[in-house]
Amino acid sequence: MQIKRYIFENKNEWEEIRKDLFTASRISEIMPNGKVLMNEQELAEYKKANPKSQAKYKEDESVLGDGAISYILEIIQGLEGAPKEHFYSASMEWGNEKEPEAVVRYCEDYGFDLFADDVIYTSQGGTVFFVADNLLGCTPDLILSQKIVQVKCPDSSTHLKYKLFLNEDNFKQREEKYFYQMQLEMMLCERPSGDFFSFDPRFKREKMQTHKVEVKADSTVQNAIFKKAKLCREQMDKFIKQLQ
């Protein structure tokens, strides 16, 4: 796998290079397996083990799920016609506005110098973007010498749920989207771990304002992401050829 790092001074260049890539923020959409019809032997064995089930299909990792197909079609739409319009909300605006403050807070709390050579805030001084094999792309919020950091500034209700219920043991189960996003970011940045960092300064007590969960790199998951992305690219090429 060949990984390249780019730094873009304007958003148009960043959007241009990523328009036909499968990017970290949406990579979870391609991961669920599609389903195929079981053959007679498989169906008989399944019925024996599950006599009350009416299922006739089984998951197959070589088949794309509905989410992956929808993502592929959206990419093709952007390549061939008008891209899908971006949706913005008050929550998203809050997150974008508070992200720099959150990055500063993370560095202060965990002893990092934001201006050190081995600390990269990817939205400062241009947008840093990683590309693997012209297939996958990502922009982690913060890159340190041994980890990446995914920074979130969510609604207060969501932040409170993170504080009370989110931990290392249940992170994949509860936040599957961010789990796969961080795995791809760790893979492309070649880092062994990552921190999920939630920040909400609206809480009165400082202790309540932050929550951190460490996520370890998982090579098995990362290989599965790469495999699914290649499958998606093959399917996208077939669709494009069909449209010609």
Side-chain angles (χ1 to χ4, degrees), residues 1 3 15 17-47 49-50 52-87 92 130-140 150 152 158 166 169-188 194 196 215-244:
M1 180 171 62
I3 301 172
E15 289 184 342
I17 197 171
R18 71 196 298 272
K19 66 181 182 181
D20 63 345
L21 302 176
F22 299 97
T23 56
S25 62
R26 298 186 60 184
I27 204 64
S28 64
E29 297 175 34
I30 75 171
M31 297 310 296
N33 296 325
K35 294 183 178 181
V36 296
L37 189 66
M38 286 186 275
N39 60 39
E40 292 184 6
Q41 182 180 349
E42 291 171 333
L43 188 58
E45 292 177 356
Y46 180 81
K47 290 293 185 182
N50 306 273
K52 294 183 179 180
S53 177
Q54 299 298 314
K56 295 182 180 180
Y57 291 83
K58 66 173 183 177
E59 287 191 6
D60 188 327
E61 65 177 10
S62 67
V63 178
L64 297 176
D66 293 341
I69 297 298
S70 295
Y71 189 6
I72 290 169
L73 295 181
E74 188 174 321
I75 291 176
I76 294 174
Q77 176 186 329
L79 293 171
E80 300 288 340
K84 187 176 180 179
E85 292 185 7
H86 295 296
F87 170 78
M92 293 172 66
F130 290 81
V131 176
D133 288 359
N134 293 318
L135 179 67
L136 295 161
C138 76
T139 299
Q150 183 58 231
K152 299 298 175 188
T158 300
L166 192 63
D169 294 330
N170 65 20
F171 187 81
K172 180 181 179 181
Q173 178 185 7
R174 285 186 171 272
E175 295 297 332
E176 187 176 63
K177 174 183 176 180
Y178 297 137
F179 172 79
Y180 283 114
Q181 178 178 359
M182 292 178 68
Q183 289 296 332
L184 179 54
E185 291 173 347
M186 286 184 277
M187 179 169 66
L188 269 56
F196 177 86
V215 180
K216 299 292 186 181
D218 187 325
S219 60
T220 300
V221 172
Q222 292 174 355
N223 289 336
I225 291 172
F226 190 65
K227 185 177 180 179
K228 270 290 170 65
K230 288 197 292 185
L231 193 63
C232 286
R233 174 54 58 83
E234 291 171 3
Q235 184 61 69
M236 185 167 72
D237 290 342
K238 289 178 182 178
F239 283 153
I240 292 174
K241 186 176 181 180
Q242 184 178 340
L243 292 169
Q244 291 175 346

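The first residue in the sequence is number 1, and the count goes up from there.
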At their closest point, which heavy atom of [X] faces which heavy atom of [Y], and how far apart are they?
X: Val63; Y: Leu231; value: N-CD2, 4.2 Å
X: Ile72; Y: Leu64; value: CD1-CD1, 3.8 Å
X: Leu43; Y: Ala55; value: CD1-O, 3.6 Å
X: Met182; Y: Gly194; value: CE-C, 3.6 Å
X: Ile17; Y: Val131; value: CD1-CG2, 4.4 Å
X: Thr23; Y: Tyr71; value: N-OH, 3.1 Å

Salt bridge or not for Glu74 and Arg26, using N-O below 4.0 Å? yes
Would you mind checking if Glu61 and Lys227 are paired as a salt bridge, meaning a charged N to carboxylate O distance below 4.0 Å? yes
Should the pair Phe196 and Tyr178 be assigned to parallel (<30°), tilted (30 to 60°) or perpendicular (>60°) ring geometry? tilted
Sequence-distant partners of [X], side chain to side chain donor-acceptor pair (under 3.5 Å), two or more places apart:
X: Tyr46; result: Ser53
X: Lys19; result: Glu16
X: Gln77; result: none

To the nearest 0.5 Å, tell me how far [X] [atom1] sits from [Y] [atom2].
X: Ile69; Y: Cys232; atom1: CD1; atom2: SG; answer: 7.0 Å
X: Cys138; Y: Leu188; atom1: SG; atom2: CG; answer: 4.5 Å
X: Asp169; Y: Arg174; atom1: CG; atom2: CZ; answer: 12.0 Å
X: Ile75; Y: Glu80; atom1: CD1; atom2: CD; answer: 12.5 Å
X: Leu21; Y: Arg233; atom1: CG; atom2: CZ; answer: 6.5 Å

Report, as yes or no, whether the 6.0 Å neighbourhood of atom [atom1] on [X] holds more than 12 heavy atoms from other residues, nucleotides or ligands.
X: Asp66; atom1: CG; value: no
X: Asn134; atom1: CG; value: no
X: Tyr57; atom1: OH; value: no
X: Lys35; atom1: NZ; value: no

Could you check Gln183, Lys177, Glu175 and say which one makes a side chain to side chain contact (heavy atoms under 4.5 Å, CB included) with Ser28? Lys177
Could you tell me if the side chain of [Y] sits less than 4.5 Å from the side chain of [X], heavy atoms only?
X: Leu136; Y: Met187; result: yes
X: Tyr180; Y: Glu29; result: no
X: Asp133; Y: Phe226; result: yes

Derivation and outcome, side chain to side chain contact (heavy atoms under 4.5 Å, CB included), residues Met31 and Ile225: CA-CA 7 Å; Met31 297 310 296; Ile225 291 172; 3.8 Å; yes
Can you check side chain to side chain contact (heavy atoms under 4.5 Å, CB included) on Met236 and Ile240, steps first, answer last? CA-CA 6 Å; Met236 185 167 72; Ile240 292 174; 4.0 Å; yes
For Val221, is there any backbone N or O sitting under 3.5 Å from a side-chain donor or acceptor partner on Asp218? yes
Under the 3.5 angstrom rule, does the side chain of Glu42 hit a backbone N or O of Asn39 as a donor-acceptor pair? yes
Do Lys56 and Gln54 pair up side chain to side chain, a donor and an acceptor below 3.5 Å, judged on atom types alone? no
Should Lys228 and Asn33 be marked as a side chain to side chain contact (heavy atoms under 4.5 Å, CB included) after you check the CA-CA gap, both sets of side-chain angles, and the distance that decides it? CA-CA 9 Å; Lys228 270 290 170 65; Asn33 296 325; 2.7 Å; yes
Using side chain to side chain contact (heavy atoms under 4.5 Å, CB included), reason through Phe130 and Thr139 one step at a time and then give a plain yes or no. CA-CA 6 Å; Phe130 290 81; Thr139 299; over 6 Å; no
